[in-house]
Every structure is written in structure tokens, then in C-alpha cells.
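Take a look at the structure below.
Counting starts at 1 for both ligands and their atoms, in listed order. Only a predicted model underlies this, so the values are computations on that prediction, with no experimental measurement involved.
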Amino acid sequence: MKIVDLRSDTVTKPDAEMREAMARAEVGDDVYGEDPTVRRLEETAAELAGKEAALFVPSGTMGNQVAVLTHTARGSEVIVDSEAHIFYYEVGGPAVLSAVQMRPVSGLHGPDALSLMEKAVRDEDVHFPQTALLCLENTHNRMGGTVMPQDTMRRLYQAARARGVAVHLDGARIANAAVALGCEIRDLTQWCHSVMFCLSKGLGAPVGSVLAGGGAFIDRARKYRKMLGGGMRQAGVLAAAGLVALRSLDRLAEDHAHARLLAKNLAGVSGIAVNPGRVHTNIVVADVSGTGLTAAEYLADMRKKGVLASPFGPALVRFVTHRDVTRADVEHAVKIISAG
Ligand code: TLP
């Protein structure tokens with residue numbers, strides 16, 4: 001049976017070109033700073049993000065957690081959207097690792113972003129924790145891969161900076177945002193102090209993310225990465241795949257077109273509610289309550305028929321397009337889903 005795997009853009013496998021680059025990578029012990037391929041990846045990533053330096057990390061989660069550790073002090077507060085990955089999907093890491101208090105704000109990535117953020121920043125008061133950090137996410141996973149425009153990022157960044165609050169961007173899919181907006185990654189990342197972005201999502205690398213920021217910030221982050229066990233040795237074999245991944249940013253437009261095609265077709269399927277207008281990038285969120293099934297039941301049924309997707313709530317299902325899914329695969333998935 002043909003399987004179309006739309007669970008996540010993390011499921012891609014390295015292609016022949018990537019494996020070839022991995023096999024040929026020049027390597028050294030990166031904890032000693034001696035892996036030339038890792039260095040090249042970090043320099044390339046810093047350049048793309050318009051930052052002084054970058055750090056190769058094994059995962060997006062570690063990149064975000066190292067950023068929170070580096071920006072905050074124990075007991076300080078972090079403003080974050082209530083649906084953000086850092087708050088929702090990172091196993092409570094900020095509480096355990098950084099001993100910070102998360103301040104989840106509902107709607108932080110909506111039209112009232114600026115006023116909600118300004119309201120959440122603490123004044124000086126003996127009772128209050130100090131607001132140390134604002135975390136943004138672009139594209140926003142749980143909001144269906146939606147893009148935060150550059151102007152919103154700029155206004156949030158300027159307001160946060162005026163209050164002495166640092167800004168970290170979870171840019172796991174920042175390349176998707178840049179492609180959707182038709183701008184450079186650095187046009188977006190100029191509005192944050194640090195950014196994490198993933199090489200292992202739509203870009204197809206098997207492992208790895210990058211944290212970019214100022215030189216002194218990355219020096220401190222490197223020590224936290226070591227503390228968390230993320231100091232890797234001959235990591236150039238992985239960085240080589242990342243370098244190949246960074247050459248293929250433009251291909252994300254294809255994933256976006258496939259997601260639009262999927263959304264347009266699903267919107268016409270009875271029992272399934274999709275808003276194609278909210279599909280900005282490679283994620284489609286569908287409400288399946290009209291089928292009379294829960295998301296888990298619906299997904300189990302689709303799995304039997306060869307279409308894989310992820311649960312996103314009691315009645316919500318997420319479909320993600322990626323480089324290992326062709327237009328024909330999307331058309332096949334539409335046929336299966338439409339048949340119910
Ligand atoms: N997201 C995964 C799951 O963890 C939900 C997915 O399938 O989408 N930030 C954002 C916005 C992400 O979507 C993810 C991964 C991460 C961080 C973490 O990256 P990894 O998986 O490399 O730790």
C-alpha cells in the first residue's frame with residue numbers, strides 16, 4: 001500500500017547528494033573547536049541570520065533551551081505565546097533547566113500582539129519577578145504554520161528592547177516564513193537578539209539546528225550546550241548535511257504550494273473544516289469533528305488507508321508537506337481523504 005506521510009516535515013530522509021556530502025565531510029573534534037565543517041556551517045548560519053556567531057546544536061529543542069538558559073537568571077520571567085513550542089512541547093524544560101517562570105499569553109501572535117506584550121512586561125515591584133525574555137515563533141507551528149510579518153516583529157522587538165527585555169525567536173521554520181514573505185531570513189531575524197532554526201525540518205537534514213546571536217551570547221551558549229550534553233565530537237558529518245540543506249531554501253515554495261492544494265481540496269470534503277486562507281506555509285490544520293470521530297479515531301482510520309497525519313487537539317489534525325512528498329502524493333492523499 002502506498003503511504004503518504006504528512007505527520008511532520010521532520011520525517012524526511014537525507015537524499016543521495018546529502019549522504020555523499022556527509023561521507024566526504026572533513027571532521028575534527030568540535031569540543032576542541034577543531035571541526036572545519038561545523039565551523040563552516042556555523043559561519044554560514046550566522047551570515048544567513050545576520051548575526052555575529054552561531055552554534056550547531058543537535059535539536060531545535062536544545063537550541064531553544066540553551067537560549068532560555070543564556071538569556072535568563074533563575075527566578076526571572078519569560079513571556080511566551082500560550083501555544084508556542086517552547087511552552088507547549090518542550091517537556092517543561094524552562095522550569096527544570098533555567099528555573100524560570102513562563103508567562104503564557106494567549107493571542108501573543110495575533111493582531112493585539114504589541115499591547116498584550118506590553119501588558120505582560122513587569123514593572124519594578126518587590127513582589128514581581130523580572131521579565132527577562134520574550135520568545136516569538138515564526139512560523140507558528142500550533143497556529144498552523146502562520147507567518148508573523150516583519151513589521152509586527154520589529155514593533156515587538158523595539159518595545160521589548162525599550163523595556164530591557166531580550167527577544168529570542170524560535171525560528172524552527174524561519175526559512176518557510178522568509179520564502180512565504182519573499183524576503184531574506186536576516187530581514188526577519190534582525191528583529192531578535194537570538195534565533196534558533198532547524199536544518200532537520202523542511203530543509204531535509206537528518207539532524208541538527210543552529211542557534212545564532214551576538215558573539216558574547218554564543219560564547220556563553222556554547223558552555224550551556226556542553227552542560228546539557230550537546231558538545232558533539234566529529235559532528236562535521238552532520239554539519240555537512242546541514243550545509244547541503246541550506247542550499248535548498250527556495251524549494252520550500254513547493255511545499256507551500258502543496259499545502260495550499262491540500263487545503264483547497266480538504267475544504268470541500270464533508271465533515272472536515274479547513275480554512276485555506278490560514279495556510280501561509282507548509283502546515284494545514286483540519287477540524288474533523290464533522291466526521292463524528294475524534295482526531296485519534298480519524299487518524300487511526302486514515303492510517304489504515306495509507307495517509308499519516310498528527311493529532312493537534314481533541315478534534316484537530318495537522319498535515320505537513322515536505323520535500324519527500326510530491327504533488328502526486330498530495331493528490332493521492334486528497335483522493336483517500338475525500339473518499340472518507
Ligand atoms: N516540532 C515538531 C514537534 O516537536 C511538535 C513537529 O513535528 O512540528 N520549534 C518549533 C516551532 C517546532 O515545530 C519544533 C519541532 C521545535 C522547535 C523542536 O525541534 P526538534 O524536534 O529538533 O527538537
Looking only at distances, please establish whether an N/O atom of ligand 1 is found under 3.5 Å from an N/O atom of [X].
X: Thr10; value: no
X: Asn141; value: yes
X: Ser200; value: no

Q: Please could you name the atoms of ligand 1 that Ser59 approaches to less than 4.0 Å, counting only its heavy atoms?
A: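 The list of qualifying atoms is 22 (O), 23 (O).
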
Q: Nearest heavy atom to atom 19 (O) of ligand 1 wins, so pick from Arg7, Lys201, His85.
A: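 Minimum heavy-atom distance to atom 19 (O) of ligand 1 goes to Lys201.
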
**Q.** Gln65, Arg318, Met62: member with heavy atom nearest to atom 6 (C) of ligand 1
**A.**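 Considering heavy atoms of Gln65, Arg318, Met62, the nearest to atom 6 (C) of ligand 1 sits in Arg318.
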
Q.
Looking at Asp219 and Lys223, is there a salt bridge between them, counting it only when a charged N and a carboxylate O are closer than 4.0 Å?
A.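 No, no charged N to carboxylate O under 4.0 Å.
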
Q. Taking 4.0 angstrom as the limit, do Glu17 and Arg247 come out as a salt bridge?
A.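 So Glu17 pairs with Arg247 through a salt bridge.
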
Which residue and heavy atom of the protein sit nearest [atom], plus the separation:
atom: atom 11 (C) of ligand 1; result: Glu137 OE2, 3.3 Å
atom: atom 23 (O) of ligand 1; result: Thr61 OG1, 2.6 Å
atom: atom 7 (O) of ligand 1; result: Ser8 OG, 2.7 Å
atom: atom 20 (P) of ligand 1; result: Gly60 N, 3.5 Å
atom: atom 9 (N) of ligand 1; result: Asp170 OD2, 2.7 Å

Donor-acceptor pair, distance only, cut-off 3.5 Å: does the side chain of [X] make one with the backbone of [Y]?
X: His322; Y: Gly202; value: no
X: Arg154; Y: Gln190; value: no
X: Asp81; Y: Leu108; value: yes

Q: May I ask you to identify, for Ile86, whether its side chain, its backbone, both or neither come under 4.0 Å of ligand 1 on a heavy-atom basis?
A: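 Within the 4.0 Å criterion, Ile86 makes no contact with ligand 1.
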
Q | Contact partition for Ala172 relative to ligand 1, non-hydrogen atoms under 4.0 Å | A |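 Side chain only.
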
Q) Taking only residues two or more places apart in sequence, or in another chain, which ones meet Asp15 in a salt bridge (charged side-chain N to carboxylate O under 4.0 Å, His left out)? A)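 Once residues adjacent in sequence are excluded, the partners of Asp15 under the salt bridge (charged side-chain N to carboxylate O under 4.0 Å, His left out) criterion are Arg323.
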
Q: Sequence neighbours left out, what passes side-chain hydrogen bond (donor to acceptor under 3.5 Å, both in side chains) with Ser310? Give chain and number order.
A: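 Partners of Ser310 by the side-chain hydrogen bond (donor to acceptor under 3.5 Å, both in side chains) criterion come out as none, since no residue qualifies.
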
Q: Answer yes if the side chains of His109 and Thr146 hold a donor-acceptor pair under 3.5 Å, and no otherwise.
A: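 No, because no side-chain N or O of His109 sits under 3.5 Å from a partner of the opposite role on Thr146.
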
(Q) Yes or no: does Arg173 have any heavy atom under 4.0 Å from an atom of ligand 1? (A)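 Flag set, Arg173 near ligand 1.
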
Q | Pairwise side-chain contact, Met62 with Leu228, heavy-atom cut-off 4.5 Å (strictly under) | A |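 Touching, per the 4.5 Å side-chain cut-off.
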
